[in-house]
*Asks:* 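One structure coming up, written as structure tokens, with questions to follow.
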Amino acid sequence: MSRESYQVPTGNSPTFGGSAAFPTREFIPDNSVSTMFYICGDCAVRVPLEKGAPIRCQKCGARVLYKERTKRMVQFEAR
Amino acid sequence: MSRRRVVIPSEEELERRNTVGIQAEYISNVQATDFPRHYPGEDNSWNIDKFRDGFRVQFHKNGPLEASFSLIGIHAAVANAFRRIMIADIPTLAIETVFIENNTSVIQDEVLSHRLGLIPFKGGREGLHSFLKWYKKKPNTATDNLGVSGDHFDYNTVLLRLQVKCTHNEDAAEGERDPRKLYHHAHVYARDIEFVPVGRQARYFSGADAIVPVNPDILIAKMRPEQEIDLSMHMYKGVGSDHAKFSPVATASYRLLPTIKIVEPILGADAEKFAKCFPKGVIRLRKVTRQEAAKQGSGYEGHEGELKAVVEDPMKDTVSRECLRHDEFNKKVKLGRKIDHFIFSVESTGQWESDAIFLESVAHLKAKCKAFEKQVINMVR
């Protein structure tokens, strides 16, 4: 019943308390500009990467990096 | 004006009408014919006293998870109604919504949610049947950011949690290959689901009455180190007609009591072969006595002391019709089923007791009939 149209939640706004007594995962503030973690395709290590940085794994030098699973809660019907 | 001749059928005729015929290639006389105007001169109108005198219930087995009983003297439509209500209309509690915070295992979110929904749970009887009510999803209710509406209360929703992380096991032996020993929580079982009581639920579901899976050893997922499953679940009451996970019975079924009539004597080696055509305990071999051998026209003359086949317990028969395949005795035996003797088998999944499920189905049918009666009266007004 909102008067404004639906607005896509941006990545920076924290979500409110989740279902019943269960807290969502903490929003960890970072000093650097949007540093995200990616998963190396060869050695499966979490690689921190800033925006504009060259895409390489620090440990093994592989150039295929996968994105991590979203931190957002997903809801499913058990059907 | 026609003469009203009252006809009373013989015992044989009544038995013939009451038996479904089983021949080698087909089944005969499947419908019950004891309704008015089918037989001229007979009054077969339904009568509560006649029903009460003729109706019987016999229990064969009554465990918490499996019950077997006979309903004798009832019409197939009513027996079938009970069976259908037991499968589809008895309310049960099951997982309906899964909120996944993190799932890095190989099992996809939707597959994992589907598996969780199918796990049967048990809990305190009073809490489950009288305290917990239905959850009605009201349309246009205000929802919070997560799409969860604000009408979940302790009396209509149960909260469960599953948080498992797979890690390396430092103490594993060298060269160990079994993943259950190499890693902690490599296998996620139903017993890893935690029940989180909310509000008054702690009063009804504590200790032995807690809401736990009926089978704690159900394997939900397999994981390897660094993988984790972190989710919470809401359970609601539902019925089997909505989704099979809400059905309280593994299945509920019935069969008609088989009848085996030996019309001509089966003796000696034939009798032994005949007994082998049926499951153990159906046919018993008895010695022909002198009185039977002395009777004229019985077919036992000169066979005193031989073994003859006698029907002992037809309920154990699975009606494979094997005896109709052998020419030595397929003309000497008549197979059939009693048309009004229903042997029910109710297998509960654990939330309800088997006999309670049947009683609940009777109550449900009664409630439906009462509601229907009101509408019929409305219609006629």
Side-chain angles (χ1 to χ4, degrees), chain A residues 1-30 34-49 55-62 64-79, chain B residues 94-105 108-119 137 140-150 152-154 157-163 194 196-199 201 224-228 230-236 238 242-246:
Chain A
M1 290 185 288
S2 56
R3 269 169 275 134
E4 311 90 29
S5 60
Y6 176 68
Q7 279 164 359
V8 179
T10 61
N12 288 330
S13 62
T15 52
F16 283 114
S19 52
F22 190 64
T24 52
R25 279 174 294 160
E26 297 291 311
F27 179 65
I28 305 164
D30 249 323
S34 48
T35 168
M36 283 193 61
F37 286 91
Y38 292 83
I39 298 183
C40 169
D42 290 346
C43 58
V45 76
R46 277 178 91 212
V47 177
L49 210 60
I55 299 174
R56 292 204 75 163
C57 171
Q58 289 158 357
K59 232 172 87 173
C60 68
V64 185
L65 296 179
Y66 296 101
K67 219 170 170 185
E68 272 193 331
R69 187 200 152 99
T70 179
K71 302 275 187 292
R72 295 189 199 160
M73 190 272 291
V74 195
Q75 178 178 336
F76 281 94
E77 273 193 337
R79 280 172 189 244
Chain B
I95 295 174
E96 176 75 9
T97 322
V98 180
F99 305 95
I100 302 183
E101 300 289 335
N102 194 13
N103 172 25
T104 41
S105 74
Q108 300 91 332
D109 292 347
E110 61 269 21
V111 174
L112 185 60
S113 305
H114 181 239
R115 290 176 70 79
L116 289 168
L118 293 172
I119 299 173
K137 187 160 177 91
N140 302 323
T141 345
T143 61
D144 63 17
N145 285 21
L146 302 170
V148 176
S149 47
H152 296 278
F153 297 103
D154 59 352
T157 312
V158 174
L159 177 66
L160 299 174
R161 197 170 298 169
L162 177 62
Q163 288 166 301
E194 301 156 31
V196 183
V198 172
Q201 287 170 5
R224 287 294 179 267
E226 306 313 311
Q227 290 178 350
E228 128 174 56
D230 186 357
L231 49 87
S232 58
M233 303 162 260
H234 281 186
M235 297 180 85
Y236 304 138
D242 180 21
H243 193 281
K245 70 187 176 191
F246 292 120

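Here is the naming used below: chain letters follow the sequence lines, and residue numbers restart at 1 for every chain. Just so it is clear, the structure is predicted and the values come from calculations on it, not from any experiment.
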*Asks:* Is Ile55(A) atom CD1 crowded by more than 12 heavy atoms from other residues, nucleotides or ligands, each under 6.0 Å away?
*Replies:* no
*Asks:* Do the non-hydrogen side-chain atoms of Glu110(B) and Glu77(A) ever get within less than 4.5 Å of each other?
*Replies:*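 Heavy-atom side-chain distance check fails, nothing below 4.5 Å.
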*Asks:* Examine distances only and state if a side-chain atom of Arg69(A) and a backbone atom of Asn102(B) form a donor-acceptor pair shorter than 3.5 Å.
*Replies:* no
*Asks:* Do you know which two heavy atoms are closest between Gly117(B) and Ala78(A), and how far apart they sit?
*Replies:* CA-CB, 3.6 Å
*Asks:* Hey, which of Ile95(B), Thr104(B), Asp109(B) has the most heavy atom pairs under 4.5 Å with chain A?
*Replies:*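 Option with the greatest count: Asp109(B).
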*Asks:* With sequence neighbours left out, write down each residue that passes ring pair (Phe, Tyr, Trp, His ring centres under 6.0 Å) with Phe153(B), or none if nothing qualifies.
*Replies:*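 Expected list: Tyr155(B).
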*Asks:* Could you work out, with ring pair (Phe, Tyr, Trp, His ring centres under 6.0 Å) as the rule, every residue matching Tyr236(B), not counting sequence neighbours?
*Replies:*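 Tyr236(B) satisfies ring pair (Phe, Tyr, Trp, His ring centres under 6.0 Å) with Tyr135(B), His152(B) once adjacent residues are dropped.
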*Asks:* Is Asp242(B) in contact with chain A via its backbone, its side chain, both, or neither, using a 4.5 Å heavy-atom distance?
*Replies:*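 Both backbone and side chain.
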*Asks:* Walk me through whether Ile39(A) and Glu226(B) qualify under side-chain contact (heavy atoms from CB on, under 4.5 Å).
*Replies:* CA-CA 12 Å; Ile39(A) 298 183; Glu226(B) 306 313 311; over 6 Å; no
*Asks:* Let me confirm one number: the CZ-CG distance from Phe76(A) to Asn103(B), rounded to the nearest 0.5 Å.
*Replies:*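 Between atom CZ of Phe76(A) and atom CG of Asn103(B) there are 9.0 Å.
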*Asks:* Grab the two heavy atoms, one from His114(B) and one from Arg79(A), that are nearest each other, plus how far apart they are.
*Replies:* CD2-C, 3.4 Å
